[in-house]
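Data first, discussion second: the structure below is written as structure tokens.
Lettering of chains follows the sequences in order, A, B, ..., and the numbering in each one begins at 1. Remember, it's a predicted structure, so these values are computed and weren't measured experimentally.
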Amino acid sequence: MDLLNNLIFGFETAATPYNLTYCFVGVFLGTFIGVLPGVGPLAAVAMLLPVSFYLPPETALVMLAGVYYGSEYGGSIASILLNIPGTPSASVTCLDGYPMARQGRAGVALFTTAIASFVGGIFGVVVMTFLSPVLAEFALLFGPSEYFSVMVLGLIAASVVSSSGAIRGVMMVCLGILLGAIGVDINSGDVRFAAGIQELRDGVNLVVVAMGLFGISEVIFSARGNIKSYATEKISMKKFFPTPSEWLRSIAPALRGSVIGSFFGTLPGTGQTVASFVSYAVEKRMSPNKEQFGKGAIEGIVVPESANNAAAQTAFIPTLTLAIPGSATMALMLGALMVHGINPGPRLIVEYPELFWGLIVSFLFGNFFLLILNIPLIGLWVRLLRVPHYFLYPTVIVLICVGVFSINNSILDIWVTLGFGLVGYILRLYRYEPAPLLIGFVLGPMMEEFFRRAMLLSRGDPFVFFERPGSASLLVIAMILLLWALVPRGVIRILIKYLIPNSNSSKRF
Amino acid sequence: MFLNRLKSQIGNLLLLSIGFYFLINSVVLLELGTARRMGPGYFPMLVGAIMCVLAIVTIVKDLKHPVERDAPDFLSVASVIGGVVAFAFVAPLLGVLPAVFLSVLATSSAVSSIPWKTRFLLAVLASIGIWAVFVGGLQLPLETIRGF
């Protein structure tokens, strides 16, 4: 049993007290961030990046991943109690979660989402365990041109789903690639675009870009938004358990949600939000109690929560096996690996088995921790929602400053971060979503390398990308995605509008 | 009228000029090489060119159908800049903790309704928290207070 051996191997890595502690810290912070509307997992992972440089690579990834999937658990709490999604992917949970809370069944809703999240999370981990080695083995057949094309596909997919539209998304990706090109070119040794600034020879630091674009600009955007604290009403926690018939009704939806979520999580560019929307729409059609949807149907919270948690786990599949991050947060995970000198790609599972299998086993631990955090300790998170929101933003700013400063003890880095923050703010004002930029920034250098290699092998013939069948089919898919997004103006956005007429959740996609 | 139109295009123009900067820079300052053996400027030139073309397309599109945009919130911008600038100036002079303290005070001015007592309390708590996490917990080599 190869798989069993691998899992035991991973268990040995994940179950050390050191890694368990960081796993717990990760999921705890993740839940914390998820509960608070406003600061998302992306900003949280960005803020933890400098800290992760001081940890061993597997521990760093265990913690960062914990923040990521932990926030999916926390995100639903504000959805249910306040009708405000804590994370974008929890916005569907508002539809039936909030009506349930209004009917005095908030306790049941919170309990059910925790269980559904757990089922989805574990399902996603199982899918990842079986699918990743297969995909990695397949990807070993890739040559440079296939790699280049798969990256093009990943970037196009990321820009197509960005809320600002495909053209703007592609421009953000290009900007990211160009920023990633700053510094010494590995092939020639020439310094590019450094404008004579000595510190830029090594390129722009990922932390600086991420903190500026997502930390600082996010704070500018939200600092004066929610001045009041979210005064939640007293909720009765006495009734916690769903009725037996509700348990029975939830099993099939939980599995369907997990399957749909695992599928969309694996696709680059889609991720948890699309997963939860699609699974809700599918369930609404299939369910025998359609008319209850939107009025507090238990299936309406089981399905999106199992889907977005499954997607949060399977998003690691393309990231770790193909080095294609499906979202900006995943791009940060890749960046964290690269800082430790680990090249992500199909060889990762073979070359760093302790990291890969350790991470998988840590997901299992993390999901158990989350179950404990979200059922007995639910009162803690509910109380957190009453803390005034304005405490959060100054704290985020100093965390950014200290985090950036701690990398190189460089004040210049802080100025550059501020610069990125202001540029990010202007871009957001003009409806440019900066998330694809970060993916371009991380993938850019690899993409250039594969492009140059492929062109060298083909003796300068650009049609090599269309002559090799693997590369050609990937590019055709990318092309179809792009056309599909340009012509009917984004089917996904219409879907969102159709499902939630009066929410602005599509803005944060 | 013209000014308004210009204002509505600042984002697009910003991206056009960044793309143009990279394009010109790679063509003029860097070796392009050939398609077979690419120099350092070849790939950035292509990407910069794509960006310029898309920026022009977007400008034309937006002039025909203006997209809605948000008005900037200058108080928020100023207080965040103030917070970061305070940190950047004070950290090398007095150390990280005084910088954190002042930075929190500066940033919290975004919301004018917070009482001063609360602000000071938050600033003290943030300094203690930063110390506990970065110095106590992670043991990073930070100069907490200059001279200590």
Which portion of [X] sits near chain B, non-hydrogen atoms under 4.5 angstrom:
X: A/L427; result: side chain
X: A/L412; result: neither
X: A/N409; result: side chain
X: A/V173; result: neither
X: A/S406; result: both
X: A/L175; result: both
X: A/L178; result: both
X: A/L456; result: both
X: A/L422; result: side chain

Against chain A, work out which of [options] has the most heavy-atom pairs shorter than 4.5 Å and name it.
options: B/A55, B/G83, B/G19; value: B/A55
options: B/F22, B/Y21, B/F89, B/F87; value: B/F22
options: B/T118, B/V85, B/L105; value: B/V85
options: B/V84, B/L125, B/L30, B/V96; value: B/V84
options: B/A35, B/A110, B/P40, B/G11; value: B/P40
options: B/A88, B/A126, B/S8; value: B/A88

Counting only heavy atoms not in [X], do more than 12 fall under 6.0 Å of its [atom1]?
X: A/F391; atom1: CZ; value: yes
X: A/W415; atom1: CH2; value: yes
X: A/E467; atom1: CD; value: yes

Exercise. Passes side chain to side chain contact (heavy atoms under 4.5 Å, CB included), B/S76 versus A/F221? Steps please.
Worked result: CA-CA 8 Å; B/S76 195; A/F221 237 92; over 6 Å; no
Problem set entry | Residue B/T34 versus chain A: region with a heavy atom under 4.5 Å | neither
For this session: Could you tell me which portion of B/I18 (side chain, backbone, both or neither) has an atom closer than 4.5 angstrom to a non-hydrogen atom of chain A?
Result: side chain
Which heavy-atom pair separates [X] from [Y] by the least distance, and what is that distance?
X: B/Q9; Y: A/Y430; answer: N-CE2, 4.5 Å
X: B/P44; Y: A/R192; answer: CG-NH1, 3.4 Å
X: A/Y425; Y: B/P72; answer: OH-CA, 3.6 Å
X: B/A71; Y: A/L429; answer: O-CD2, 4.1 Å
X: B/M38; Y: A/M455; answer: CE-CG, 3.3 Å

Approximate separation, where rounding is to 0.5 Å, of [X] [atom1] and [Y] [atom2]:
X: B/I81; Y: A/I220; atom1: CD1; atom2: CD1; answer: 6.5 Å
X: A/M171; Y: B/N12; atom1: CE; atom2: CG; answer: 6.0 Å
X: A/I177; Y: B/I50; atom1: CD1; atom2: CD1; answer: 8.0 Å
X: A/R452; Y: B/R36; atom1: CZ; atom2: CZ; answer: 15.0 Å

Problem set entry | Side-chain heavy-atom pair A/R431, B/D70 within 4.5 angstrom cut-off | yes
Exercise. So, do B/T107 and A/T395 sit near enough that their side-chain heavy atoms are less than 4.5 Å apart?
Worked result: no
Exercise. Please walk me through it: do A/Y393 and B/V80 pass side chain to side chain contact (heavy atoms under 4.5 Å, CB included)?
Worked result: CA-CA 9 Å; A/Y393 296 113; B/V80 170; over 6 Å; no
For this session: May I ask you to decide if the ring planes of B/F43 and A/F451 are parallel, tilted or perpendicular, using 30° and 60° as cut-offs?
Result: tilted
Exercise. Do B/L14 and A/Y432 pass the side chain to side chain contact (heavy atoms under 4.5 Å, CB included) test, and can you show the C-alpha distance, the side-chain angles, and the key distance before you say yes or no?
Worked result: CA-CA 11 Å; B/L14 180 72; A/Y432 283 95; over 6 Å; no
For this session: May I have the step-by-step check of side chain to side chain contact (heavy atoms under 4.5 Å, CB included) for A/L399 and B/I130, ending in yes or no?
Result: CA-CA 7 Å; A/L399 278 175; B/I130 293 274; 3.8 Å; yes
